[in-house]
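Here the structure is laid out as C-alpha cells; the discussion comes afterwards.
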Amino acid sequence: MKLLAIVGNNATVSYNRLLLQYMKRHFAPTAEIELQEIKGLPLFNEDDLKHFPAAIEALIQRVKEADGVIIATPEYDHSMTASLKSVIEWLSASYHSLAGKPVMVVGASFGAQGTVRAQMDLRHVLDAPGVDAHVLPGNEFMLPNCKTAFDAAGNLKDQSTVKFLEECFTAFVKFVHLTEGTKKEDTEMSDKRNWDQSFDVVVLGFGGAGATAARFAADAGAKVLLVDSAPEGHEGGNTRYAGQLVGSGSDFDQLKAYYKALTAPMNLDEDMIDTYVTGMVNMPDYLRKYLGVEPFSTVKDGKQLGGDLDIGAMSHEFPEYPGANSYDMLLVHAGYFDSALWKKLRKAVLDRRDKITVWYSSPAKHLIQDPHTNAVIGAQIEHDHVLLDIQARGGVILATGGFENNPEMIQDYLKASKLAPVGSIYNKGDGVKMGLEVGADMWHMANYESLGMLHGLTIATPAGERGRLILAWPHINDGSVFVAGDDGSRYFNETEDNRHGHLYYHGMWQVPIANDHPHLIFDQTQWETFKQSQLPIDNFDDLTVKADTLEDLAKLINAKPDVLAKTRADFDHFTELGEDYAYGRKIESMRAFDDGPYYALPLEQAMLNTQGGPRRNTRAEVLAPNGKPIANLYSAGELGGINANQYQGGNNIAECLIWGKIAGENAAHGLTPTTASEEPTADATSGASEEAAAPTATTSSADSTQYPTGPNQYIGVSDEGMGNEIVVRVTYADGKLENVEVLKQSESADVGLKAIKTLPQEMVAANSTDVDAVSGASVTSHALQDAVADALKKAKATVTA
C-alpha cells in the first residue's frame with residue numbers, strides 16, 4: 001500500500017513532521033509512506049489555474065498515485081495553518097485530486113487538547129463540495145503535549161499512545177482496502193459492460209462548442225469521438241448560422257460591470273462571471289494562438305463592413321450600462337454572417353483526424369452511468385441506425401445546443417405556442433433530456449434570444465423549417481402599417497429598435513411575449529409601396545391575405561373584428577393628433593389607412609437560441625442540485641449558457657470558445673492516451689464495424705478521381721459557402737460555358753438552395769460567372785461562382801497547354 005503523508009505546516013521544526021516520520025518507520029511493514037512537505041509550495045492563486053506551477057503539478061500527481069493520504073495538522077488560532085489550507089485549495093481546483101481519496105487526519109500539539117479544533121476544521125474542509133475526500137470516520141488521533149512525547153530517536157515514548165495510533169492506522173488500512181474494493185468492483189462492472197467502442201472523451205454536438213471541446217481534448221492527448229445529429233455538411237449548430245461575432249473586451253473590471261448590468265437583477269456565481277469575463281478579455285490572444293487569425297475589431301473597424309446591420313453600433317448594444325464602452329465584438333476577418341469562424345473551428349477538428357473520429361447523423365440518446373458511483377462512463381449513440389454503447393474513459397461533454405426545435409419544451413419553458421428558429425433545425429433539446437436523466441440542475445430555462453425585423457419577427461414559417469432572418473425591409477414600419485397580435489390589437493412600438501429581440505419594458509429590456517399568430521396589417525397604398533421596393537421573400541402575394549373590409553380580414557386571420565377595427569381607428573386618430581399615445585411610435589412614420597382593400601401578412605416570433613440547460617461550474621462540470629459535480633460529465637456552449645436577461649451580441653459565441661476549451665481539457669486531464677490497437681472492436685451483432693470508427697469527414701481535394709469527367713469537363717471546388725465545400729462539374733469548349741452541374745453542396749435548404757438551383761443556368765446564359773447574387777444568399781452565390789471560376793481556370797489552363 002502506498003500512502004502520501006502531508007506535513008501540515010511549513011516550519012523548520014515541526015512535531016507533526018516528527019509524528020509522520022515515526023509513522024513511516026513504525027508502519028513500514030504494512031505500507032510505504034512518502035512524506036510530502038508543503039514548505040516550498042506557492043500560495044494558492046487562482047490566476048495560475050491555467051498553468052499550474054511545476055511543484056503543484058508534481059503534488060497532484062503524487063496524490064493521484066497514492067492509495068491514501070495522511071494529513072498531520074498543527075493547530076493555530078483554533079484552526080489549521082494557512083499553508084495547509086492553501087494546499088487543499090490547489091488540490092480541489094480544476095482537478096479534484098482528493099475526490100474519493102481515503103484520508104486519515106492526525107495532529108500534534110503543544111497543548112492538552114491535541115489539535116481537536118484544527119482537526120474538526122480540516123474534516124469540514126475535506127468534506128466541502130469540490131474537495132469530496134473520503135475521510136476516515138472516528139479514529140481521531142490527537143497527540144497532546146508533543147514536546148515531551150518523543151524520545152531522542154524520534155519515537156513515541158508512551159506505549160498506550162502507540163497502541164491507539166496502531167488501532168487508528170489499522171482502521172485506516174481497512175478503510176483504504178474497502179475503498180479500493182468498491183472502486184475495483186465498480187471498475188469490474190464497468191469493464192463487464194459490452195462496450196461497442198471505447199474512447200477517451202466523447203463529445204456530443206458538432207457546433208462551435210463541441211468542435212472546440214473536441215479539438216482541445218485531442219490536443220491534450222485524448223482519443224475523441226465527436227458526434228452530431230445533423231447529416232454531414234449540415235453540422236455546425238447555431239454557430240454556423242450566427243453572425244460570427246465573438247464577445248471580447250479591453251478592461252476586466254469594466255467588462256465585468258457591463259456583464260453584471262446585463263444580467264441584473266439576477267445574481268450569478270462570481271467565479272463563473274470571472275471565468276467568463278477573463279476569457280473575453282483574453283479573446284484576441286485566443287483567436288491569434290488557436291485559430292491563427294488577427295482579430296477584426298467591430299468597434300474600431302465596424303463601419304468597413306457595410307450591409308444591413310451597423311455592427312459597430314451593436315458592439316455596445318446597451319450603451320447606457322456601466323462598462324459598455326469596454327466591450328468589443330471580434331471577427332476572424334472583415335465579414336459576418338458567412339460562417340467564417342465556424343469553418344475555422346471545423347477545420348481545426350478535421351486537421352486532427354488521427355485523434356478525432358467524427359460521426360454524422362448520429363444523435364446521442366442517453367448517458368450511461370456507473371451503477372454505484374453514478375459517474376458518467378459513456379453514452380448511447382444511434383449510428384447507422386444502430387444503438388451503440390460508447391465508453392468514455394475521461395468524460396462526456398454535452399454540447400448539443402438548445403431546444404429551439406422542440407415544440408414541447410418551447411411551450412413548457414418559454415410560454416410560447418411556437419417560435420421560428422433562424423439557426424440550426426437540429427437543436428431539439430437532447431442535452432436537456434440527458435441532463436435531466438442523470439439528475440443535473442437546470443438554469444436559465446426561460447431565457448432565449450431573438451433577432452429580426454420589428455421586435456424580432458419573421459415571416460410565418462412552416463413547422464420544421466428555418467425561419468428567414470430578415471434584418472431590413474424598407475417601409476415595414478413606415479406608413480399605413482402596424483403589427484396586430486392574436487386578437488387584432490397592437491402590442492408594441494413598431495419603430496423601436498430591438499436589441500436581439502428585446503424591447504424596453506419598464507426599466508428592463510425583454511423579449512415581448514410571443515403571440516400565436518401575429519400579422520402585419522396594411523392597406524392598398526402600403527401594398528403598392530412594398531411592391532415598388534425590394535421584398536425579402538418571393539412568395540409575398542401567395543402569403544398575403546386580402547379582404548375588402550377589416551371585419552372580413554379579421555375573420556380570415558382569426559382576430560376579433562371589433563378589436564382590429566378599433567386598432568385601425570386608434571392608429572388613424574393618433575396620426576391626426578400627431579402622437580402615438582399607445583406605444584410612442586414615431587409620428588412621422590404613421591399614415592392614416594385607406595378605405596380598403598386591406599392586407600395581412602402572417603408573422604412569427606423569430607428565435608436565435610435558447611440559453612437553458614444543465615448548470616455548469618468554472619471547470620465546465622455539470623452540477624447536481626446539491627451543487628456537486630456529476631462525475632465525468634461536462635458541458636459547453638448554449639446548452640446551459642451563462643447569459644440571462646438582457647443579451648449582448650457576441651456573448652454566446654464567446655462562451656462556446658471559452659467553456660469548450662475548458663471542457664475539452666478537463667475531460668482529457670489525467671488520461672493515458674489510447675492507441676488504436678487498444679480499442680475494442682464491435683462484435684458482429686452490434687451493427688458497428690471497424691470502418692465506423694474511422695473519420696468520416698471529407699476533405700477539399702475533390703477531383704476527377706472522385707467525380708468523373710467527360711470531354712471538356714472540369715471539376716471546380718469552393719469552401720467559401722455557408723456549409724462544407726461546393727463541388728461543380730463545368731462543361732467548357734471553344735470559349736463557351738455550356739453547362740454547370742452542382743455535384744456536392746450542403747448549403748441552407750432555404751434561400752441558399754435557391755442560389756444553387758438558379759445561378760448555374762444564369763452563368764451559362766451569360767457565359768460568365770459575373771451574375772447577380774441571389775438576394776439573401778450572397779455567401780452561397782459567391783461560393784458557387786468561386787467554384788465555377790475554379791473549374792474555368794483549369795479549363796483555360798488546359799486549352800493554353
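Excluded from the calculations below are hydrogen atoms, water molecules and symmetry mates; all remaining heavy atoms, backbone and side chain alike, are included.
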Under a 3.5 Å cutoff, is there a donor and acceptor pairing between the side chains of Q648 and H316? no
Identify, with sequence neighbours excluded, every residue that meets side-chain contact (heavy atoms from CB on, under 4.5 Å) alongside D269. D271, M272
Any side-chain donor-acceptor pair under 3.5 Å between D251 and S326? no
Taking atom CG of N267 as the centre, does the number of heavy atoms from other residues, nucleotides or ligands within less than 6.0 Å exceed 12? no
Hey, are H500 and Q646 close enough side-chain-wise for a donor-acceptor pair under 3.5 Å? no
Please, which pairs that meet salt bridge (charged side-chain N to carboxylate O under 4.0 Å, His left out) have at least one residue in residues 235-249, sequence neighbours excluded? E235-R346
Using ring centroids (six-membered ring only for Trp), state whether Y448 and Y413 fall under 6.0 Å. no
Carefully, step by step, assess Y327 and N651 under the rule side chain to side chain donor-acceptor pair (under 3.5 Å). CA-CA 10 Å; Y327 191 77; N651 278 179; 3.0 Å; yes
When the ring planes of Y286 and Y290 are compared, do they come out parallel, tilted or perpendicular, using 30° and 60° as the limits? perpendicular
Parallel, tilted or perpendicular, as decided by the 30° and 60° cut-offs, for the rings of F44 and W90: perpendicular
Got a salt bridge between R619 and E621, using NZ or NE/NH1/NH2 to carboxylate O under 4.0 Å? yes
Among R615, R616, K628, salt bridge (Lys or Arg N to Asp or Glu O under 4.0 Å) partner for D441: R615
With no hydrogens and no angle check, do the side chains of N477 and E496 hold a donor and an acceptor under 3.5 Å apart? no
What's the verdict on side chain to side chain donor-acceptor pair (under 3.5 Å) for E404 and N238, showing C-alpha distance, side-chain angles and the deciding distance? CA-CA 10 Å; E404 297 88 353; N238 286 339; 3.1 Å; yes
If you count the non-hydrogen atoms of other residues, nucleotides and ligands that lie under 6.0 Å from CE in M442, is the total more than 12? yes
